[in-house]
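One structure is given here, and the rest of the page talks about it.
Letters go in sequence order (proteins before strands), and every chain restarts at 1. Keep in mind that what you see is a predicted model, and the values were worked out from it rather than measured.
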Amino acid sequence: MAQPLFQAPPGTRDLMPPVTDRMRAMVAIFADEATKAGFGQVTPPMFEDVGVFVRIGESTDVVNKELYTFEDKGGRTIALRPEQTASLCRVFVQRRPLTPWKAWYFGANFRYEQAQKGRYRQFDQVGAEVIGSSDPDIDTEIIALAWRFYERIGLTNVTLLLNSLGDAADRGRYTNALRTHFTEHRGSLTEQSRETLDRNPLRVMDSKRQPDQAIIDAAPLLGDFLSDDARTAFDRVQAGLTALAIPFEIAPRLVRGLDYYNRTTFEFVAPGLDAAQNAVGGGGRYDGLVANLGGPDEPGIGFALGIDRTLLACDAEDAMQGPDTTAQVWVVVTAEGIEGLEVADRLRRAGIRADRTESGRSMKAQMKAANKSGAAVAVVIGPDEVRDEQAGIKPLRGQGDQTTVDNQQIVQAVQEFL
RNA sequence: GUGGCCGUAGCUCAGUUGGUUAGAGCGCCAGGUUGUGAUCCUGGAUGUCGGGGGUUCGAAUCCCCUCGGUCACCCCA
């Protein structure tokens, strides 16, 4: 049937091996890097009071049109999280851990969007946040965490784009300058950009539409609007990255889509990823968001990395292959008893990946399955072996004849082939 | 939300200007080898041709609607 009765909802996928194996390994590497850097894992619920996410900014698409919301049986308005930074800020406000608080996370996010390559309605991210410090060296440290992660998974074709949005006041002055500039050229802008201009002039900078490019190129640059403080901090971050030998590219027009960002913002782009969506990670400082959520006026910075997209980027350069999950040994049993179960269990307890064919199949069928599994060796047990309390040990690759060992020697005999 | 392309077996796909019981390869199952895989040979099973409606003597093929996939816009990881 080409279209079964039920399918995964649009924009969602069923992740299966080997993708699941690679993702698991990737998350384990991130966990290791984050732990080494002093971050603790935090797992907030996948849904929150919708208000938590509304604080991200009402002019962002993520909240004004992509939010999955529903009313629960208690009459609360709940939203599936579209990202986790706001959730982590809520955790901070509710739990009040000591500052600076360093937390990392992993999990699914949900956005109601039209799916395309690298973009799904449910997608996994790993991320890290530091709340309670405005030290620009923390900015560097957070960027370094992401960078070292990419290095560890073997992804080499990644570009770090860096910018500073300045403080709220700088941003306000800059936004006004942009509004003036774009309004002057309003007639030449695409219709979509004109709409964006009315909502949020900053975001017009993000347009990839050809007719807009000339006007965007002529627009004032954020760098000219930075306060001395913001400028000094930005310089310090650049010095830090240089000291850590982390290459970066200043992207004066990098304007990230979430309203809460200020000062340091960055994005990781994978040019090898053959898709329109080639930003594999991004983040920035969000001083003010915690206060917005009803907490103390603590600054914060963090990033999120898309697991799906990162994996796609890895595909482009054959990186992050994931663990070997093929069976090492196949247990072939044609006797009536339960020897197959027993031997497989014994091998597994010895740490060996051992599998078997369902009982009752012919020896030929079982050997075929053994061969196809990729196992290096088969343990063969028929009525004769059961009677003699022995087992046949048959190499499945290369040459070598089948040998016979005592039942108690099976694990040891198999190990010689691994 | 908008647009392009695409829906035929488990998978990849063929199917002429509409014309008999809709095909191939791979995979799967069985046998050749009554206790031994890979190669080889033989045989076998599986399709509401995504769904609904229409045109027609006749529709996988043409028309309409609908569902789904994919890529792109928008936006973002």
Side-chain angles (χ1 to χ4, degrees), chain A residues 1-13 56 59-66 82-85 107-127 146 190-193 195-196 199-200 203-204 206-210 212 255-259 261 266-270 273-283 302-313 330 332-335 357 361-386 392-399 401-402:
Chain A
M1 220 189 288
Q3 215 176 116
L5 188 54
F6 296 111
Q7 292 184 81
T12 67
R13 299 166 302 157
I56 292 170
S59 76
T60 65
D61 283 1
V62 168
V63 316
N64 72 26
K65 58 186 230 202
E66 296 171 5
E83 56 129 41
Q84 293 180 67
T85 298
N109 303 310
F110 307 85
R111 293 181 195 172
Y112 194 88
E113 305 183 273
Q114 198 59 251
Q116 70 187 72
K117 189 166 186 178
R119 193 182 71 180
Y120 306 98
R121 289 183 178 179
Q122 177 181 334
F123 59 101
D124 289 320
Q125 285 184 333
V126 293
T190 58
E191 191 186 329
Q192 281 154 326
S193 286
E195 281 168 25
T196 308
R199 269 202 336 269
N200 187 342
R203 199 74 47 66
V204 177
D206 260 344
S207 165
K208 290 178 220 159
R209 292 171 290 271
Q210 201 42 249
D212 296 331
V255 177
R256 303 196 35 80
L258 270 27
D259 281 348
Y261 285 121
F266 52 94
E267 193 166 291
F268 299 98
V269 176
L273 210 174
D274 182 28
Q277 312 298 335
N278 67 353
V280 292
F303 64 76
L305 313 180
I307 294 291
D308 321 74
R309 284 188 195 174
T310 302
L311 212 51
L312 283 175
W330 205 265
V332 173
V333 174
T334 56
T357 312
R361 302 288 301 278
S362 71
M363 174 155 291
K364 177 171 179 172
Q366 294 191 52
M367 286 304 296
K368 268 178 101 159
N371 179 63
K372 216 183 86 182
S373 76
V377 61
V379 174
V380 182
I381 301 173
D384 295 351
E385 284 83 358
V386 170
I393 304 296
K394 168 143 184 159
L396 293 173
R397 279 179 289 196
Q399 57 280 45
D401 293 329
Q402 181 166 328

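Of the C1' atoms belonging to B:U61 and B:G43, the separation is 33 Å, rounded to the nearest Å. For the P atom pair drawn from B:C29 and B:U66, the interatomic distance equals 43 Å after rounding to whole Å. Spacing between B:G37 and B:G15 at atom P, rounded to whole Å, works out to 39 Å. For B:U46 and B:A9, the C1' atoms lie 6 Å apart once the distance is rounded to whole Å. When the C1' atom is used for both B:A59 and B:U17, the distance is 14 Å, rounded to whole Å.
With sequence neighbours left out, the side chain to side chain donor-acceptor pair (under 3.5 Å) criterion links A:T196 to no other residue. Looking at residues two or more places apart in sequence or on another chain, you find a side chain to side chain donor-acceptor pair (under 3.5 Å) between A:E267 and A:R256. For A:Q125, the side chain to side chain donor-acceptor pair (under 3.5 Å) partners two or more places apart in sequence, or in a different chain, are A:N109.
Taking the centre and axis of the six-membered ring of A:Y112, the NZ or CZ atom of A:R121 falls inside the cone set by 45° and 6.0 Å. Judged by the 6.0 Å distance and 45° axis criteria, A:R111 is not positioned over the aromatic ring of A:F123.
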At a cut-off of 3.5 Å, list every protein nitrogen or oxygen paired with a nitrogen or oxygen from nucleotides 31-35 of chain B, distance to 0.1 Å.
| from | atom 1 | to | atom 2 | distance (Å) |
| --- | --- | --- | --- | --- |
| B:G32 | N7 | A:K364 | NZ | 3.3 |
| B:G32 | O6 | A:K364 | NZ | 3.3 |
| B:G35 | O6 | A:D384 | N | 2.9 |
| B:G35 | O6 | A:D384 | OD1 | 3.1 |
| B:G35 | O6 | A:D384 | OD2 | 2.6 |
| B:G35 | N1 | A:E385 | OE1 | 2.7 |
| B:G35 | N1 | A:E385 | OE2 | 3.3 |
| B:G35 | N2 | A:E385 | OE1 | 3.4 |
| B:G35 | N2 | A:E385 | OE2 | 2.8 |

Once each nucleotide of nucleotides 70-75 of chain B is scored for protein heavy atoms under 4.0 Å, what B/S/- sequence comes out, 5' to 3'? -BBBBB
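In this structure, A:Q122 atom CD and B:A77 atom C1' are separated by 14 Å, rounded to whole Å.
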Nucleotide-level pairing of RNA chain B, given in dot-bracket where Watson-Crick and G-U pairs need both distances under 3.5 Å and | marks other strands: (((((((..((((.....[...)))).(((((.......))))).....(((((..]....))))))))))))....
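The nucleotide whose nearest atom lies closest to any side-chain atom of A:M367 is, among B:G69, B:U36, B:A77, B:U36.
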